[in-house]
2 protein chains.
Amino acid sequence: MRRDYDRETVLASTLFSTMPPETAEQLMARSKEIELARGESIFLQGDPADRLFVVLDGWVKLFRVSSSGTEAVVGVFSKGESFAEAPAFQNTNYPVTAETVTACRLLQVKASEILTLMKDDPHVGMAMIGAVYAHLHALVAQIEQLVAQTGTQRVASFLLKLCKQSSGSCRVTLPYDKVIIARYLGITPESLSRAFGRLGREGVTIEQNHAIISDVARLGAFAGTEGKQRRSERDAG
Amino acid sequence: MRRDYDRETVLASTLFSTMPPETAEQLMARSKEIELARGESIFLQGDPADRLFVVLDGWVKLFRVSSSGTEAVVGVFSKGESFAEAPAFQNTNYPVTAETVTACRLLQVKASEILTLMKDDPHVGMAMIGAVYAHLHALVAQIEQLVAQTGTQRVASFLLKLCKQSSGSCRVTLPYDKVIIARYLGITPESLSRAFGRLGREGVTIEQNHAIISDVARLGAFAGTEGKQRRSERDAG
DNA sequence: CGCGTTCCTTGTCTAAGGTCAAGCCGGTCC
DNA sequence: GGACCGGCTTGACCTTAGACAAGGAACGCG
């Protein structure tokens with residue numbers, strides 16, 4: 001049953017898993033499921049923030065569009081992940097836009113419901129802080145990547161995040177459009193395409209929306225351990 | 001007296017200002033002030049996180065060093081700002097390193113003290129979420145800048161943040177070393193130097209650690225409204 | 001089947017910015 | 001005074017990736 005399936009997803013989610021189960025159930029009961037097609041907006045940057053979301057199925061992106069029209073994707077979430085927790089409590093507006101990148105089912109939770117529970121149980125507040133912290137951490141990692149790695153290395157890191165193992169070979173599915181991947185990595189779709197080409201030399205093959213990594217450890221070395229290669233290092237090799 | 005001066009700083013800080021004053025006083029009483037010279041570390045990436053900090057005076061930077069040695073500054077804080085709130089509650093390690101960039105005085109608050117108060121007063125939890133959210137928001141803005149603006153535009157934005165007005169001319173003080181500014185903006189010191197040079201054409205003059213902006217509105221247009229110029233736009237002009 | 005659309009790739013050109021190296025200036029320490 | 005050091009700037013060179021333009025593959029639709 002979808003109901004049980006969803007309940008499991010929610011209880012295991014980053015936000016709900018650290019709450020007492022009864023509290024989580026209570027919250028879930030007072031929330032509603034929404035179903036969206038691909039490409040629909042969930043909320044817009046500047047909308048008043050009064051609710052947060054948990055992904056039940058599908059993929060969601062958070063992004064900002066700058067005045068120049070450049071879209072910066074600051075997060076992509078899938079099953080079991082929550083988003084928009086923090087602004088919901090601040091009586092402010094959403095600082096980003098949220099949009100589905102595939103067909104989606106979401107759990108929509110009103111901030112007021114959580115606030116009520118929070119007054120009785122400090123664990124709820126802790127769970128919120130934990131969820132927000134997870135996002136904070138992810139953003140810090142994203143900034144580090146943007147600053148310390150080349151576009152191609154970021155693509156390599158992205159592929160590595162998709163495959164769980166740390167050595168051997170593996171085949172991963174690119175879960176959403178390459179345009180989204182590119183924007184999330186801070187590059188253009190063209191550059192992503194070229195980066196995939198360059199990763200061929202590191203044993204990566206792209207077949208439609210799948211990537212075959214012949215040697216995960218090798219790709220890891222390319223992405224991180226070596227860092228941005230200095231001229232001297234390249235010349236020496 | 002320094003005591004009163006500090007108390008005022010803390011009560012007006014992002015973290016404490018949204019708590020009931022008595023709670024804030026209580027927390028303050030149980031915290032201790034520490035004094036640090038310039039260039040000292042406050043904590044290292046990977047240290048167990050059990051305390052958070054409020055800046056009483058001076059400047060602090062948070063950064064990560066990638067395996068390649070590149071330093072990515074993810075935050076610079078001054079008087080009245082707090083940092084490391086979230087990890088302190090997560091029983092994890094600090095995900096970044098904190099270091100003073102000038103001589104500093106800090107208020108050091110043990111997470112356990114806050115936890116105690118949080119159990120009795122949900123406002124404390126709210127204050128924490130608010131503080132973490134502020135950082136989240138800042139990081140999102142930083143990512144947007146890294147992706148959507150050129151280095152020189154980011155430098156312009158940085159200068160604009162330092163001067164409060166939105167038009168006219170003004171003279172601002174660069175509050176810390178240019179190396180730090182560069183790393184915070186995701187560029188090298190060399191590029192920062194060249195960016196300052198380029199901003200001369202937008203009416204900006206650099207004199208040691210001061211910047212004179214002849215026309216704030218004009219610099220704002222350069223930084224944001226125009227965005228990354230397209231070739232066609234440049235050719236047309 | 002042809003048609004369009006959407007998504008992706010490829011080619012060419014250009015600009016932005018990193019790397020390395022050298023030099024400059026204002027301190028401080030002897 | 002001179003040597004030294006840190007912070008900053010300048011210059012030459014080269015890699016990276018964005019802009020633009022064109023083409024190709026997959027898919028749906030009449």
Side-chain angles (χ1 to χ4, degrees), chain A residues 37-39 66 68-72 101-102 145-156 174-183 185-201 204-211 222 226-236, chain B residues 37-39 66 68-72 101-102 145-156 174-183 185-201 204-211 222 226-236:
Chain A
R38 178 195 167 183
S66 72
S68 59
T70 310
E71 178 183 310
V101 299
T102 65
Q145 286 208 337
L146 283 172
V147 170
Q149 295 185 308
T150 66
T152 308
Q153 287 176 323
R154 296 201 292 276
V155 174
L174 306 178
Y176 37 84
D177 277 7
K178 292 184 186 170
V179 185
I180 312 285
I181 300 176
R183 291 305 173 202
L185 297 174
I187 57 178
T188 58
E190 295 99 314
S191 291
L192 178 65
S193 192
R194 287 185 240 272
F196 279 145
R198 244 169 268 142
L199 287 181
R201 294 204 294 270
V204 174
T205 318
I206 304 294
E207 283 176 5
Q208 276 150 178
N209 64 335
H210 294 281
F222 173 81
E226 294 177 1
K228 269 188 191 172
Q229 289 193 320
R230 316 244 160 152
R231 194 179 300 179
S232 48
E233 290 166 9
R234 274 198 317 277
D235 292 350
Chain B
R38 178 195 168 184
S66 72
S68 59
T70 310
E71 179 182 310
V101 298
T102 66
Q145 285 208 337
L146 283 172
V147 170
Q149 294 185 308
T150 67
T152 308
Q153 286 176 324
R154 296 200 293 275
V155 174
L174 306 179
Y176 37 84
D177 278 7
K178 293 185 185 169
V179 186
I180 313 285
I181 301 176
R183 292 305 173 201
L185 298 175
I187 57 178
T188 58
E190 294 98 316
S191 291
L192 178 65
S193 192
R194 286 185 242 272
F196 278 144
R198 243 169 271 143
L199 288 180
R201 293 204 294 271
V204 174
T205 318
I206 303 296
E207 283 176 3
Q208 276 149 175
N209 62 336
H210 294 281
F222 172 82
E226 294 179 358
K228 269 186 190 174
Q229 289 191 319
R230 315 241 161 157
R231 194 180 299 179
S232 48
E233 291 166 6
R234 275 198 315 277
D235 292 350

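Just so we're on the same page: letters track the sequence lines, and every chain starts at 1.
Listed nucleotides: D/dG7, D/dG18, C/dG18. Nearest to the side chain of A/Ile187: D/dG18.
For A/Thr188, a side-chain nitrogen or oxygen approaches OP1 or OP2 of D/dG18 to under 4.0 Å.
Contacts of B/Thr102 classified as side chain to side chain donor-acceptor pair (under 3.5 Å), with partners at least two apart in sequence or in another chain: none. By the side chain to side chain donor-acceptor pair (under 3.5 Å) test, B/Thr205 is found to be paired with no residue, residues two or more places apart in sequence or in another chain being considered. Residues passing the side-chain contact (heavy atoms from CB on, under 4.5 Å) test with A/Glu207, sequence neighbours excluded: A/Arg171, A/Ile212. For A/Arg194, the side-chain contact (heavy atoms from CB on, under 4.5 Å) criterion is met by A/Glu190, A/Arg198, not counting sequence neighbours. When the side-chain contact (heavy atoms from CB on, under 4.5 Å) test is applied to B/Ala156, the partners found at least two apart in sequence or on another chain are B/Leu199, B/Leu219, B/Phe222, B/Ala223.
Across all strands shown, B/Arg38 has heavy atoms under 4.0 Å from sugar-phosphate atoms exclusively, and none from any base. B/Gly39 comes within 4.0 angstrom of nothing in the nucleic acid, heavy atoms only. Counting non-hydrogen atoms under 4.0 angstrom, A/Arg198 reaches the backbone sugars and phosphates but no base.
To the nearest angstrom, C1' of D/dA17 lies 12 Å from CZ of A/Arg183. Look at CG on A/Leu146: it is 11 Å from P on D/dG18, rounded to the nearest Å. Put simply, CD on B/Glu207 is 16 Å from P on C/dC25, counting in whole angstrom units. As a whole-Å value, the separation of A/Leu199 CG from D/dA17 C1' is 15 Å. As a whole-Å value, the separation of A/Gln145 CD from D/dA17 P is 13 Å.
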Look for any protein N or O under 3.5 Å of an N or O in nucleotides 8-11 of chain D and output each such pair with its distance, or none.
| from | atom 1 | to | atom 2 | distance (Å) |
| --- | --- | --- | --- | --- |
| D/dC8 | OP1 | B/Lys178 | N | 3.4 |
| D/dC8 | OP2 | B/Lys178 | N | 3.3 |
| D/dT9 | OP1 | B/Lys178 | NZ | 3.2 |
| D/dT9 | OP2 | B/Ser193 | OG | 3.3 |
| D/dT9 | O5' | B/Ser193 | OG | 3.1 |
| D/dG11 | N7 | B/Arg194 | NH1 | 2.9 |
| D/dG11 | O6 | B/Arg194 | NH2 | 3.1 |

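Contact record, B/Val179 with B/Pro189: CG1-CG, 4.2 Å, taken as the closest heavy-atom pair.
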